[in-house]
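Below: one structure, written as structure tokens.
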Amino acid sequence: MLDPGYVKDHLPDVEARLRTRGFDPGPELAELAACDAERRRLIPLVENLKRDQKTAGEAVARAKKEGRDAADVVAASKTRAAEIRELEAALEAVEARWRERLLTLPNLPHESVPVGTSAADNPEVRRWGTAPSFDFEPKPHWELGAALGILDFERATRMSGARFAVLSGAGARLERALIDFMLDLHTRDHGYREVEPPFLVNRAALTGTGNLPKFEQDLFRIAGDWDLFLIPTAEVPLTNLHREEILDGRLLPLKYTAYTPCFRSEAGSYGADVRGLIRQHQFDKVELVKFTTPDSSHAELEALTRDAETVLERLGLPYRRVLLCTGDMGFASAKTYDIEVWLPSQQTYREISSCSNTEAFQARRAQIRYRADGTGKPQFVHTLNGSGLAVGRTLIAILENGQRRDGSIAIPPALQPYMGGVEAIEPGS
RNA sequence: GGUGAGGUGGCCGAGAGGCUGAAGGCGGCGGUUUGCUAAACCGUUGUAGGGCCCAAAAGCUCUACCCAGGGUUCGAAUCCCUGCCUCACCGCCA
């Protein structure tokens with residue numbers, strides 16, 4: 001959520017910056033301003049009446065005590081009570097509309113974010129490693145996995161439908177090893193606290209991160225009298241760890257990591273990545289989340305992105321980092337880096353992590369504040385999140401980059417301890 | 001799922017229709033005292049939204065907030081309804 005005061009006082013600037021995201025914010029901002037004006041008109045009216053009502057009430061109390069009759073005051077108050085009810089209803093309606101507008105407006109891009117309209121405008125800011133060269137035609141991961149007997153889409157489809165997969169044997173073990181490896185790296189070397197959060201969350205939590213009210217169609221909501229949703233990412237429970245809290249500024253930054261499965265409806269992506277593990281309704285991810293002070297959040301974004309890249313470097317997987325342009329950024333983000341890993345079968349880099357600074361956007365929605373030095377006025381923290389990494393896509397990258405002519409897969413040395421010392425996945429394992 | 005007891009400020013804890021933004025205590029902050037610490041004493045101490053003022057801050061002022069949402073009433077922390085949560089016991093269960 002944008003700062004309502006800032007929006008009101010800097011309307012042209014807000015409009016120009018939102019426009020770079022590729023939509024016309026004019027009508028929405030106009031409605032927001034209209035609601036705000038109406039709201040400010042009504043508030044003093046209601047409050048003055050309330051003050052009169054209070055004063056009158058005190059007069060009634062005094063009269064009663066002194067044994068005088070107060071029927072005329074009571075009669076006037078009765079009329080005023082009806083007036084107040086009416087005005088309050090009008091005010092509430094306006095404020096509901098105002099809040100709804102505010103909640104559906106995306107974040108303002110940070111000044112360092114390049115203006116652009118699509119992924120084609122995202123500048124590459126970093127490249128690491130070299131793409132492996134093969135003296136044979138590299139296969140896509142679904143063929144490798146099927147041949148090795150560790151990746152099964154047919155059986156998954158039978159029990160769950162499209163966009164689900166079964167990992168088994170060395171495949172399941174590899175998935176678990178990657179989770180373990182990532183969590184160990186982030187907790188031991190990068191200073192994150194490991195968390196095991198709920199995988200189902202309520203509407204308020206999803207509103208806090210920005211998934212609701214606008215993107216309900218992307219979520220799986222559970223049936224019955226519950227109003228709970230499967231988490232689309234651990235960013236949601238981790239960010240909501242401190243919802244409606246005032247943190248001690250001396251403890252910032254707070255850094256959390258969690259492994260969770262993630263669930264996404266993938267509504268509207270019917271044609272994309274239909275084969276393989278790239279786009280699933282359920283996938284594993286190790287997430288990184290930080291709560292920081294406003295002045296340090298962008299430096300912390302750089303550090304968080306490095307923490308995610310380190311996973312790939314330890315695994316020896318080539319990658320590049322791109323800076324998302326204004327038109328390609330997510331709703332809540334002020335600045336986002338995507339990390340993309342090399343996939344030999346596609347001869348291209350594919351997203352494996354997305355690291356964002358939402359600044360105060362989520363903090364304002366979720367009411368996450370801090371006091372500098374533990375005292376003074378509470379201010380909103382800045383929240384950051386990033387994948388560290390998407391586990392399924394990491395598994396894909398290991399299969400494809402580590403494949404050999406005989407169909408076996410070389411396990412990166414850093415991962416071998418987590419695989420019981422196995423150096424390669426051989427057919428039949 | 002059943003029964004009972006509860007949810008009041010940073011914490012503990014009073015209040016049971018008007019004089020209560022809320023006694024008292026603890027903690028925090030400022031001060032007095034002190035060689036230092038402690039103690040004692042004095043003062044102060046929530047959040048949000050309006051208005052005035054305004055470059056801004058401060059200041060002044062109003063309104064709201066005693067788990068949440070409704071209701072009764074001229075007037076609700078206090079009465080009624082619903083929901084959520086906590087605790088205890090029972091039942092069921094990985």
Side-chain angles (χ1 to χ4, degrees), chain A residues 1-10 13 32-103 196-208 212 222 224-229 237 240-252 261 294 360 363-381:
Chain A
M1 187 165 99
L2 301 179
D3 179 354
Y6 185 87
V7 174
K8 178 164 133 335
D9 295 337
H10 304 82
D13 173 54
L32 186 70
C35 288
D36 191 46
E38 177 63 1
R39 173 177 167 265
R40 279 161 204 273
R41 188 182 73 81
L42 290 173
I43 285 170
L45 297 181
V46 171
E47 291 191 348
N48 286 336
L49 284 173
K50 279 191 172 172
R51 191 189 50 213
D52 294 348
Q53 193 72 335
K54 243 181 153 174
T55 316
E58 281 160 20
V60 172
R62 230 176 300 115
K64 263 194 165 166
K65 211 170 166 185
E66 295 165 9
R68 283 186 285 109
D69 178 58
D72 52 335
V73 180
V74 170
S77 290
K78 202 163 190 162
T79 318
R80 191 162 37 230
E83 245 177 288
I84 290 174
R85 246 193 302 278
E86 210 170 294
L87 273 177
E88 274 197 321
L91 178 60
E92 203 180 310
V94 163
E95 289 198 319
R97 211 148 53 92
W98 178 69
R99 222 173 302 118
E100 169 78 13
R101 281 276 73 84
L102 225 35
L103 285 175
E196 166 88 10
F199 301 162
L200 289 167
V201 294
N202 60 28
R203 216 166 260 281
L206 286 155
T207 304
L212 289 180
I222 69 165
D225 196 16
W226 285 101
D227 213 27
L228 289 174
F229 298 80
N240 277 280
L241 229 36
H242 295 300
R243 190 170 98 221
E244 287 166 45
E245 287 185 23
I246 298 175
L247 304 169
D248 185 337
R250 291 168 296 197
L251 270 34
L252 300 178
R364 190 172 285 110
R365 290 170 159 252
Q367 291 294 305
I368 308 166
R369 293 171 292 175
Y370 77 102
R371 289 187 218 269
D373 306 322
T375 57
K377 276 236 177 308
Q379 310 174 58
F380 291 115
V381 300

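First the proteins, then the strands, lettered A, B, ... as listed; each starts at 1. Please read all numbers here as calculations on a predicted model, not as lab measurements. Scope of the values below: all heavy atoms of this structure, side chains included, with no hydrogens, waters or symmetry mates.
One cannot find a donor-acceptor pair under 3.5 Å joining the base of B:G75 and the side-chain atoms of A:Glu58.
When heavy atoms are screened at a 4.0 angstrom cut-off, A:Arg62 is found touching no nucleic acid atom at all. Within the nucleic acid shown, A:Arg80 has no heavy atom closer than 4.0 Å to any nucleic acid atom. Counting any heavy atom pair closer than 4.0 Å across all strands shown, A:Ala56 reaches no nucleic acid atom. A:Lys54 comes within 4.0 angstrom of sugar-phosphate atoms only, judged by non-hydrogen atoms across all strands, and of no base. Among the heavy atoms of the strands, none lies under 4.0 Å from A:Arg85.
Atom CZ of A:Arg364 and atom P of B:U47 are 17 Å apart (whole Å). If you take CG of A:Leu42 and P of B:U63, they are 18 Å apart, rounded to a whole angstrom. In this structure, CG of A:Asp36 is placed 7 Å from P of B:G50, rounded to the nearest angstrom. For A:Phe380 and B:U47, the CZ to P distance is 13 Å, given to the nearest whole Å. With rounding to whole Å, A:Glu95 atom CD is found 14 Å from B:A64 atom P. A:Gln53 has its CD atom 17 Å from the P atom of B:G18, to the nearest Å. To the nearest angstrom, P of B:U63 lies 13 Å from CD of A:Glu88. Atom pair A:Asp69:CG and B:C74:P shows a separation of 15 Å (rounding to whole Å applied).
Nearest heavy-atom pair across A:Pro237 and A:Val201 is CB-CG1, 4.5 Å. A:Pro294 and A:Phe380 make their closest contact through CG-O, 3.9 Å (heavy atoms, listed as atom of the first residue, atom of the second, distance). Contact between A:Phe229 and A:Arg203 at its shortest, heavy atoms only, is CZ-NH2, 3.6 Å. Nearest heavy atom pair, residue A:Met1 against residue A:Arg365, reads N-NE, 3.2 Å. In terms of heavy atoms, A:Ser77 sits closest to A:Ala56 at OG-CB, 3.4 Å. Of all heavy-atom pairs between A:Ala366 and A:Arg243, the closest is O-CG, 3.0 Å.
Side-chain atoms of A:Arg101 never come within 3.5 Å of backbone atoms of A:Leu32 as a donor-acceptor pair (strictly under, hydrogens ignored).
When each of B:C74, B:G70, B:G50 is scored by its nearest atom to the side-chain atoms of A:Pro44, the top-ranked nucleotide is B:G50. Considering only the side chain of A:Lys50, B:A64 comes nearest among B:G18, B:C62, B:A64. Closest to the A:Pro378 side chain, of the nucleotides B:U47, B:C74, B:G51, is B:U47. For A:Val60, taking side-chain heavy atoms from C-beta onward, the closest of the listed nucleotides B:C74, B:G70, B:G50 is B:C74. Distances from the side chain of A:Arg39 to the nucleotides B:G50, B:U47, B:G75 place B:G50 closest.
Across all strands shown, B:A58 forms no Watson-Crick or G-U wobble pair with both distances under 3.5 Å. Searching all strands for a Watson-Crick or G-U wobble partner of B:A76 with both distances below 3.5 Å returns nothing. Using Watson-Crick or G-U wobble geometry with both donor-acceptor distances under 3.5 Å, B:A16 finds no partner in any strand shown. Within the shown strands, B:G25 is the pairing partner of B:C11 under the Watson-Crick or G-U definition, both distances less than 3.5 Å. With a 3.5 Å ceiling on both atom-pair distances, B:C53 lacks any Watson-Crick or G-U wobble partner. Across all strands shown, the partner of B:A40 is B:U32, judged by Watson-Crick or G-U wobble contacts whose two distances both fall under 3.5 Å. B:C65 is paired with B:G46 under the Watson-Crick or G-U wobble criterion, all donor-acceptor distances under 3.5 Å. The partner of B:G4, taking Watson-Crick or G-U wobble pairs whose two distances both stay under 3.5 Å, is B:C87.
Comparing the same atom, P, in B:G17 and in B:U63 gives a spacing of 24 Å after rounding to whole Å. Separating the C1' atom of B:C65 from that of B:A76 is a span of 13 Å, rounded to the nearest Å. B:U78 and B:U20 have their C1' atoms separated by 11 Å, with the value rounded to a whole Å. Taking atom C1' in both B:A23 and B:C85, the straight-line distance is 28 Å, to the nearest Å. Across the C1' atoms, B:G46 and B:C81 are found 30 Å apart, a figure rounded to whole Å. Rounded to whole Å, the separation between the C1' atoms of B:G30 and B:G24 comes to 22 Å. When the C1' atom is compared between B:G27 and B:G9, the two are found 13 Å apart, to the nearest whole Å. Taking the P atoms as reference points, B:A56 lies 15 Å from B:G50, given to the whole Å.
Dense packing is recorded around CD of A:Gln367, with more than 12 heavy atoms of other residues, nucleotides or ligands lying under 6.0 Å away.
Between A:Arg99 and B:G49, a side-chain N or O to OP1/OP2 separation shorter than 4.0 Å is absent.
We find the CD1-OG1 distance between A:Ile84 and A:Thr79 to be 11.0 Å, quoted to the nearest 0.5 Å. Put simply, CD1 on A:Ile368 and CD on A:Gln379 are 14.5 Å apart, with the number rounded to the nearest 0.5 Å.
Nearest-nucleotide assignment on RNA chain B puts the 5′-proximal partner with A:Trp98, out of A:Arg51 and A:Trp98. Judged by closest nucleotide on RNA chain B, A:Ile43 is the one of A:Ile43 and A:Ala81 placed further toward the 5' end.
Remark: A:Glu38 engages A:Arg41 in a salt bridge, criterion side-chain N to carboxylate O under 4.0 Å.
Heavy-atom distances under 4.0 Å link RNA chain B to no residue of residues 201-208 of chain A.
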